[in-house]
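The next block holds one structure in the form of structure tokens; read it before the comments.
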There are 2 protein chains.
Amino acid sequence: MTLDALDEQIVRALLVDGRASYGAIGAKVNLSAPAVKRRVDRLRARGVVTGFTARVEPSAIGWSTEAYVELFCNRRTSGAEILERTRTYPEVVEAFTVTGDADALLHVFAGDMQHFERVLTQISAEPFVARTRSVIVLSSLLRRSQTPREGDTDA
Amino acid sequence: MTLDALDEQIVRALLVDGRASYGAIGAKVNLSAPAVKRRVDRLRARGVVTGFTARVEPSAIGWSTEAYVELFCNRRTSGAEILERTRTYPEVVEAFTVTGDADALLHVFAGDMQHFERVLTQISAEPFVARTRSVIVLSSLLRRSQTPREGDTDA
DNA sequence: CATGAAATAATGGCACA
DNA sequence: TGTGCCATTATTTCATG
């Protein structure tokens with residue numbers, strides 16, 4: 001599945017401004033508004049663009065504490081099992097299986113440190129969790145979305 | 001700075017669908033389209049909503065390798081200094097200062113493992129970097145955006 | 001904040017390369 | 001297949017109350 005140069009430019013424009021009109025995008029990429037819409041529809045159908053969302057300042061909506069939690073599992077725990085449990089915590093926004101000594105990595109937002117401690121305690125008490133190691137975010141230096149790479153050939 | 005119940009619902013709707021029309025949002029929150037627009041404008045002016053973006057499948061735009069890199073600095077390095085250098089790498093999408101033994105944490109996307117290794121080598125060679133520890137993402141289990149918390153009073 | 005009018009944008013049909 | 005042009009419908013946006 002390959003994106004041609006036009007698709008790439010359109011995706012880039014949508015990453016910069018997800019609410020840009022098709023006409024405005026078309027002006028940048030030299031395409032008519034309907035043509036841009038058709039391509040965006042196709043990108044969505046192909047699963048390249050999975051949706052649109054607002055960028056929101058976490059602290060403004062009550063999430064002032066951010067952390068990464070490494071999960072060490074005491075037995076072979078499948079990714080599906082980890083997902084099944086961790087998704088029940090609204091504080092967990094990302095979950096990965098990873099290389100290294102830990103088995104999984106969770107990205108967690110909490111209202112404050114007390115809230116985070118409570119969530120961490122609950123997660124630690126999950127039957128498949130042997131122990132955890134947390135890294136608390138002190139300050140967010142950079143937060144941006146990636147742009148398409150040039151030579152792009154993969155799924 | 002406080003969001004009232006209406007703002008909160010609007011932000012929630014925009015997180016779910018960043019391209020939803022003001023009329024459609026208004027139907028959900030019992031407000032007219034112009035009223036929703038005024039509130040969204042205000043939310044943007046206040047810095048609550050910082051923008052809109054597309055959600056894109058990383059692998060579809062050439063980023064198949066994802067990793068977190070912990071940075072250990074050999075001297076007291078300011079966050080500003082870390083930001084100044086790391087932002088020059090398009091592969092670095094997030095950068096934080098953190099608690100624990102590492103000084104900073106980078107979220108990195110690369111085209112493949114070879115590409116990641118090259119970037120890691122470059123970052124390791126930055127004068128303020130003593131050593132690094134990388135965690136490669138094997139599979140992404142969960143990726144979602146947080147929703148506003150209920151009792152929300154902070155900046 | 002709602003209403004209503006005018007400007008702008010989205011979207012489907014149709015012809016063409 | 002993909003595009004541009006056109007017409008229709010929907011949305012945005014700004015006036016006023």
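Every chain is numbered from 1, with letters handed out A, B, ... down the list of sequences.
Salt bridge B:D17/B:K28: absent, no basic N to carboxylate O contact under 4.0 Å. We find that B:R143 and B:E66 are joined by a salt bridge, their nearest charged nitrogen and carboxylate oxygen being less than 4.0 Å apart. Between B:R39 and B:D4, at least one side-chain nitrogen of the basic residue sits less than 4.0 Å from a carboxylate oxygen of the acidic one, meeting the salt-bridge criterion. Under 4.0 Å is where a charged nitrogen must lie from a carboxylate oxygen, and between B:R118 and B:E91 no such pair does. A salt bridge does not link B:R85 to B:E81: none of the charged nitrogens lies less than 4.0 Å from a carboxylate oxygen.
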Q) What one-letter contact string describes nucleotides 12-17 of chain C from 5' to 3', where B marks a base within less than 4.0 Å of any protein heavy atom, S marks contact via sugar-phosphate atoms alone, and - marks no contact? A) BB----
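When the P atom of D:dT1 is taken as reference, atom CG of A:L6 falls 18 Å away, rounded to whole Å. As a whole-Å value, the separation of B:Y22 OH from D:dT13 C1' is 10 Å. Taking atom CD1 of A:I25 as the reference point, atom P of D:dT3 lies 14 Å away to the nearest angstrom. If you measure from atom CG of A:L3 to atom C1' of D:dG2, you get 16 Å, rounded to the nearest angstrom.
Contact between the side-chain N/O atoms of A:R19 and the OP1/OP2 oxygens of C:dA9 is not found at any separation under 4.0 Å.
Each of A:V36 and B:A24 was assigned the nucleotide of DNA chain D with the nearest heavy atom; the assignment lying further toward the 5' end belongs to A:V36.
Within a 6.0 Å sphere centred on CD of B:Q122, heavy atoms belonging to other residues, nucleotides or ligands number more than 12.
When each of C:dA2, D:dG2, C:dC1 is scored by its nearest atom to the side-chain atoms of B:S32, the top-ranked nucleotide is C:dA2.
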